[in-house]
Each structure stands twice: as structure tokens, then as C-alpha cells.
Amino acid sequence: NEFRNWLFEKRLPQNADYQTEQRIKRGVNKELQNLRTILRWAKRKGYTRIDSFDNVDFFETAKPLPRVLNEDQERLFYNNLPKFSDKRNGHYSGYRLAWQIIKYTGFRRSEIMRLTWEDLDFKNRVIHLYKTKNRDEVKFPMHPHLWRILYFLYRKGKFSGKIIPYNKYYLSTGF
């Protein structure tokens with residue numbers, strides 16, 4: 001607890017407001033959680049015999065900000081993405097399509113950038129992911145809204161190859 005208090009005091013600027021204090025407390029709690037994980041691992045492996053975190057009290061903090069967008073924020077974000085691409089790789093905006101895929105599937109950026117039109121099974125409304133983070137093949141059901149969007153684009157343009165046909169930094173820089 002003395003170490004916890006020392007960390008907090010060291011990071012706290014003079015005349016800090018309430019929000020700054022809460023942010024610093026959350027940061028100190030995160031550091032303590034990391035240390036606790038390491039020390040508990042050391043105890044499990046036999047490197048130490050004591051649990052240093054048996055009596056450590058974490059700071060009480062206000063509820064963190066939600067990590068979910070409400071519908072208005074979501075609409076604003078989507079509407080600020082470009083509507084059309086530069087027509088090199090089709091008429092639709094890769095950003096807007098990527099946003100829809102993220103929204104309805106929760107896929108990672110790397111999974112979205114690897115998706116091809118051939119991975120989509122429109123008849124069974126399934127997306128085949130052949131390379132996931134844990135290297136398993138996954139069949140993911142398509143949300144009805146996402147199915148309509150992808151099927152419309154597929155029928156209209158008769159696409160093949162990658163769904164988002166840009167380099168791997170496309171989403172990072174654009175978003």
C-alpha cells in the first residue's frame with residue numbers, strides 16, 4: 001500500500017482536478033495489476049514463496065468511460081467516412097464497408113483485410129475465416145444487414161479477390 005501511494009503521489013501533478021486524479025488512479029491500479037500477475041506467476045513457478053499482493057488495496061475509482069458508441073456517435077462516425085473510393089478498386093468506399101464488417105462481426109483489422117469475396121457463402125449466409133489469430137478456421141454467421149450490404153455489392157459489381165483491396169495500413173491511416 002505504501003508503494004501504491006508513492007506511485008500515485010509521484011504521478012499526481014500539483015493542482016490536479018478530479019478527472020486527472022481518477023485517470024492517474026486507474027493507471028496506478030493497472031500497474032499494480034501487472035505486477036500482481038508477474039508475482040503470482042513467480043509464486044506458481046516456485047521462484048518465490050509469498051504472495052506480495054495478499055493485502056494490497058487498489059484505489060477506488062469512478063466508473064470508467066464506456067467503450068461502446070451510442071447510435072448517434074456510430075452514425076456520426078460512419079457519415080464522416082468517405083462515400084466513394086478513388087475508383088481504382090471499385091466504386092464503394094473500403095472504409096465504410098470495413099466499418100460495417102467491424103460493426104456486425106467484430107473481426108480484427110487483419111481478418112478484415114484478408115477477407116475475399118470467395119470467403120462469403122451467400123446461400124448459407126456464412127463467412128469463412130481461414131486464418132484467425134489462433135490459426136483456427138471459423139465459420140461465422142452473417143448478420144442480415146451485413147448480408148444485404150455485401151450481397152448488393154457482390155451482385156452489382158461481380159467482384160472477386162479481396163473485399164477491401166488495399167494495403168494493410170489502409171484502415172489504420174483512414175480511420
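Computation of the quantities below employed the complete heavy-atom set of this structure, encompassing side-chain atoms and omitting hydrogens, waters and symmetry-equivalent molecules.
- Under the 3.5 Å distance criterion, the side-chain polar atoms of Glu9 are left unmatched by any main-chain donor or acceptor of Trp6.
- To the nearest 0.5 Å, atoms CD (Glu118) and NE2 (His128) are separated by 12.0 Å.
- When every heavy atom of Arg36 is checked against every heavy atom of Phe58, the shortest pair comes out as NH1-CE1, 3.4 Å.
- Here the CG atom belonging to Leu32 is positioned 11.5 Å from the NZ atom belonging to Lys30, to the nearest 0.5 angstrom.
- Under a cut-off of 6.0 angstrom, the local environment of CD in Gln73 is crowded, with over 12 non-hydrogen atoms contributed by other residues, nucleotides or ligands.
- Hydrophobic clustering places Val138 together with Ile102 (ILVMFWY residues linked when any side-chain heavy atoms are closer than 4.5 Å, directly or through intermediates).
- Below 30°, between 30° and 60°, or above 60°: for Phe107 and Phe140 the angle between ring planes is above 60°, a perpendicular geometry.
- Residues Ile127 and Leu120 share a closest heavy-atom pair of CG1-CD2, 3.7 Å.
- The structure places CZ of Phe8 at 10.5 Å from CG of Asn29, a figure rounded to the nearest 0.5 Å.
- Side-chain contact between Tyr47 and Leu39: absent, with no pair of heavy atoms (C-beta onward) separated by less than 4.5 Å.
- Using a distance-only test at 3.5 Å, with no hydrogens or angles considered, no donor-acceptor pair links the side chain of Asp57 to the main chain of Asn1.
- Residues Thr37 and Asn34 have side chains that never bring a donor and an acceptor to within less than 3.5 angstrom of each other.
- Under the 4.5 Å side-chain criterion, counting only non-hydrogen atoms from C-beta, Leu76 is not in contact with Asp72.
- Nearest approach of Leu7 to Arg11, heavy atoms of both residues: CD2-NH1, 3.0 Å.
- In the hydrophobic clustering of this structure, Tyr78 groups with Tyr95; members are Ile, Leu, Val, Met, Phe, Trp, Tyr whose side-chain heavy atoms approach within less than 4.5 Å, directly or through other members.
- Annotation for Arg109: atom CZ does not count as buried by contact number, only 12 or fewer foreign heavy atoms lying within 6.0 Å.
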Q) Checking side chain to side chain contact (heavy atoms under 4.5 Å, CB included) for the pair Ile149/Ile101: CA distance, chi angles, key distance, verdict? A) CA-CA 10 Å; Ile149 293 166; Ile101 295 171; over 6 Å; no
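- The aromatic rings of Trp147 and Phe122 stand perpendicular to each other, their planes meeting at an angle above 60°, with 30° marking the opposite boundary.
- Here Phe77 contributes atom CZ and Trp99 contributes atom CH2; the two are 5.0 Å apart, rounded to the nearest 0.5 Å.
- Shown here for Glu60 and Lys25, the closest heavy-atom pair between the two residues is O-CD, 3.9 Å.
- With rounding to the nearest 0.5 Å, the separation of CD1 in Ile164 from CG in Leu115 is 8.0 Å.
- Closest approach of Asp121 to Asn124, counting heavy atoms only: OD2-ND2, 2.7 Å.
- For the atom pair His143 NE2 and Arg125 CZ, the distance stands at 11.5 Å (nearest 0.5 Å).
- Arg96 contributes a side-chain N or O that, together with a main-chain N or O of Asn79, makes up a donor-acceptor pair within less than 3.5 Å.
- One hydrophobic cluster, built from ILVMFWY side chains closer than 4.5 Å, holds both Met142 and Tyr151.
- Residues Lys139 and Val126 approach most closely at CB-CG1, 3.7 Å, considering heavy atoms.
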